Amino acid sequence: MQLTEVEAAFRTLKSELAIRPLFHQLEKRVKAHVLVAFLGYALQVTLSIYFKRSGSEYSPAQALKRLSELYSVDIVLPTVEGREIWLRRITKREEDQERLLNQLRLELPERLEPIQILKCSADSAIA
C-alpha cells in the first residue's frame, strides 16, 4: 500500500507540481531540492484531504491553477510635485475564485503594502 502511495506521490511531483529531477553538485542543494519537493507534496495532500472533507468540487491541481490566476499589481500615480503614489492591489476575483477562497477560509486583503523598486545605476544613467 505504501509503495502505491509513494509512486502516486512521484507522479504528482512530476505532473501536477511540475517538479523535475535536478542534478545538483552540492549536498545542501540536493537537500534543499528534496525539501521543496516534499513541501509541495505535503501541500497537495493537505489540500486533497481538505477538499474531500468539505465536499468541494475542486482538486488540488484545479485549485492551485485557479488561484495562480490572481495577481498583485502596482499602480503608480505621479503627482504634480514630482513624487509618486504607489498602490498595490490584487486583481479582481472571479466568482469561482471567491468561492474557492471561501472554502479554504482565506481572506485576501483589499490593499497590500507596496514594494517600491529602486532604480539601479544603469537606469539612472538613462533617465
Side-chain angles (χ1 to χ4, degrees):
M1 185 67 135
Q2 288 178 339
L3 179 61
T4 306
E5 290 177 8
V6 170
E7 289 172 347
F10 277 107
R11 274 194 305 278
T12 300
L13 291 174
K14 290 178 185 176
S15 60
E16 294 179 13
L17 299 177
I19 294 177
R20 300 285 184 239
L22 297 178
F23 301 100
H24 296 289
Q25 301 296 321
L26 301 176
E27 183 179 349
K28 66 180 182 178
R29 289 186 182 169
V30 172
K31 288 180 178 180
H33 184 76
V34 169
L35 174 66
V36 170
F38 172 76
L39 291 174
Y41 178 67
L43 174 64
Q44 194 265 345
V45 168
T46 303
L47 285 174
S48 177
I49 291 169
Y50 185 81
F51 287 140
K52 190 178 286 187
R53 284 183 184 165
S54 67
S56 175
E57 71 272 9
Y58 290 102
S59 71
Q62 292 169 327
L64 292 174
K65 182 179 183 308
R66 217 39 205 125
L67 293 178
S68 72
E69 296 168 1
L70 293 173
Y71 296 100
S72 71
V73 294
D74 288 329
I75 303 167
V76 182
L77 304 170
T79 64
V80 291
E81 295 91 25
R83 295 184 303 153
E84 293 177 335
I85 299 173
W86 286 60
L87 304 171
R88 177 163 281 184
R89 297 287 191 265
I90 297 173
T91 54
K92 187 176 178 183
R93 296 177 287 275
E94 294 179 13
E95 189 175 311
D96 63 328
Q97 289 171 327
E98 193 69 49
R99 188 173 54 250
L100 178 58
L101 289 168
N102 289 336
Q103 287 177 353
L104 292 171
R105 295 186 196 133
L106 294 175
E107 193 171 313
L108 297 180
E110 198 60 39
R111 286 186 180 193
L112 298 172
E113 282 296 316
I115 301 172
Q116 290 195 352
I117 302 169
L118 301 175
K119 293 181 181 179
C120 68
S121 58
D123 291 339
S124 61
I126 296 171

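Model, not experiment: these values are computed from the prediction.
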**Q** So, Thr46 side chain and Ala42 main chain: donor-acceptor pair closer than 3.5 Å or not?
**A**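 Side chain of Thr46 to backbone of Ala42, a donor-acceptor pair under 3.5 Å: yes, one is there.
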
**Q** Between Glu107 and Leu101, does a side-chain contact (heavy atoms from CB on, under 4.5 Å) hold up when you go through it step by step?
**A** CA-CA 7 Å; Glu107 193 171 313; Leu101 289 168; over 6 Å; no

**Q** Does one side chain, of Ser54 or Gln103, offer a donor that lies under 3.5 Å from an acceptor on the other?
**A**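 Gln103 and Ser54 do not have a side-chain donor-acceptor pair below 3.5 Å.
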
**Q** The test is side-chain contact (heavy atoms from CB on, under 4.5 Å); show your working for Leu77 and Leu87 and say whether it passes.
**A** CA-CA 8 Å; Leu77 304 170; Leu87 304 171; 4.0 Å; yes

**Q** List the steps, then state whether side-chain contact (heavy atoms from CB on, under 4.5 Å) holds for Leu104 with Leu47.
**A** CA-CA 9 Å; Leu104 292 171; Leu47 285 174; 3.9 Å; yes

**Q** Looking at Glu95, I'd like to know if its CD atom is crowded, meaning that more than 12 non-hydrogen atoms belonging to other residues, nucleotides or ligands lie closer than 6.0 Å.
**A**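 No, because the 6.0 Å sphere around CD of Glu95 holds 12 heavy atoms or fewer from other groups.
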
**Q** Give a yes or no on whether the backbone of Leu64 and the side-chain of Tyr58 come within a donor-acceptor separation of less than 3.5 Å.
**A**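 Not a single qualifying donor-acceptor pair exists.
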
**Q** Between Thr79 and Glu84 (side chain of the first, backbone of the second, donor and acceptor by atom type, cut-off under 3.5 Å), is there such a pair?
**A**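 Checking the backbone N and O of Glu84 against the side chain of Thr79, no donor-acceptor pair under 3.5 Å is found.
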
**Q** Going through the checks in order, is the side-chain contact (heavy atoms from CB on, under 4.5 Å) test met by Arg99 and Glu57?
**A** CA-CA 11 Å; Arg99 188 173 54 250; Glu57 71 272 9; 3.7 Å; yes

**Q** To check you understand the geometry: which heavy-atom pair defines the closest contact between Thr91 and Leu70, and what is its length?
**A**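 So the minimum-distance heavy-atom pair works out to OG1-CA, 3.8 Å.
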
**Q** Quick one: do Val76 and Val73 end up in the same hydrophobic cluster if we chain Ile, Leu, Val, Met, Phe, Trp and Tyr together by side-chain heavy atoms under 4.5 Å apart?
**A**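 Looking at the clustering, Val73 is in a separate group from Val76.
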
**Q** How far apart are the closest heavy atoms of Gln62 and Ser59, and which atoms are they?
**A**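 Heavy-atom minimum between the residues: OE1-N, 2.8 Å.
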
**Q** To the closest 0.5 Å, what do you measure between CG (Leu108) and CD (Glu98)?
**A**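 One finds 7.5 Å between CG of Leu108 and CD of Glu98.
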
**Q** Could you see if Leu67 belongs to whatever hydrophobic cluster contains Tyr71? Use Ile, Leu, Val, Met, Phe, Trp, Tyr and a side-chain cutoff under 4.5 Å.
**A**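 No; Tyr71 is not reachable from Leu67 via cluster members.
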
